[in-house]
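So the structure is just underneath, and the comments pick up after that.
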Amino acid sequence: MTYKTKQRELMLAFFESHHHDSFSVEQLYEQLKGEGISLSSIYRNLNELEKDGSVHKVVPQGAREAYYQFVGCEHCRGHIHVQCIECGKTVHLPDQATSEIAKQTKDSLGFELDPTSTVFYGLCKECSAHHSR
Ligand SMILES: [Zn+2]
Ligand SMILES: [Zn+2]
């Protein structure tokens, strides 16, 4: 394994074990510098992972930096993701709800939905609670 590939693997492993959370570049660096990963390779790898669809990049409203969340793990291929437009958090829709939606779309439109590349936007639980206060 080349040095470059190894860094990518380490980042992937980190993302995979924290796939419910999103991280800024700074936070990723804090977590991964112990593994010998430089800031520039974090930027480079994030770019690549974003391009191949393994991470979502979000900039929450009012935030100065972008956050990255992993959506490329094995189980993510079977469901739709919903993303909060306010805090940028990505939530994994349960597979069962996803198949419901896919089935409805197919039945009513004859349209074959691709859950992997489908993202719904809205407000997450925390943010909508904040709004109704
Ligand atoms: Zn997922
Ligand atoms: Zn939110």
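This one's a predicted model, so the numbers in the text were calculated from it and none came from an experiment. In listed order, ligands and their atoms are each counted from 1. One-based numbering along the sequence shown. Note that these values count all heavy atoms, side chains included, but never hydrogens, waters or copies made by symmetry.
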Lys33/Ile42 under side chain to side chain contact (heavy atoms under 4.5 Å, CB included): CA gap, chis, key distance, verdict: CA-CA 10 Å; Lys33 65 181 179 191; Ile42 286 180; over 6 Å; no
Starting from the C-alpha separation in whole Å, work towards a yes-or-no answer on side chain to side chain contact (heavy atoms under 4.5 Å, CB included) for Val71 and Val119. CA-CA 11 Å; Val71 289; Val119 181; over 6 Å; no
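Less than 2.8 Å away from the Zn ion (ligand 1), the protein contributes these N/O/S atoms: Cys76 SG, His79 NE2, His81 NE2, His92 ND1. Residue-and-atom listing of protein N/O/S atoms under 2.8 Å from the Zn ion (ligand 2), sorted by chain and number: Cys84 SG, Cys87 SG, Cys124 SG, Cys127 SG.
Sorted by first and then second residue, the salt bridge (Lys or Arg N to Asp or Glu O under 4.0 Å) pairs with a member in residues 12-26 form an empty list; sequence neighbours excluded. Applying the ring pair (Phe, Tyr, Trp, His ring centres under 6.0 Å) definition to pairs two or more places apart or across chains, those involving residues 83-120 are His19-His92, His20-His92, His75-His92, His79-His92, His81-His92.
At least one donor-acceptor pair closer than 3.5 Å links the side chain of Gln69 to the backbone N or O of Thr90. Not a single donor-acceptor pair under 3.5 Å links the side chain of Ser41 to the backbone N or O of Ile37.
Relative ring orientation between Phe70 and Phe15 is described as parallel, the plane-to-plane angle staying below 30° on a 0-90° scale split at 30° and 60°.
Under the 4.5 Å side-chain contact rule for hydrophobic residues, Tyr67 and Met11 do not share a cluster.
Residue Glu65 places its CD atom among more than 12 non-hydrogen atoms of other residues, nucleotides or ligands, all under 6.0 Å distant.
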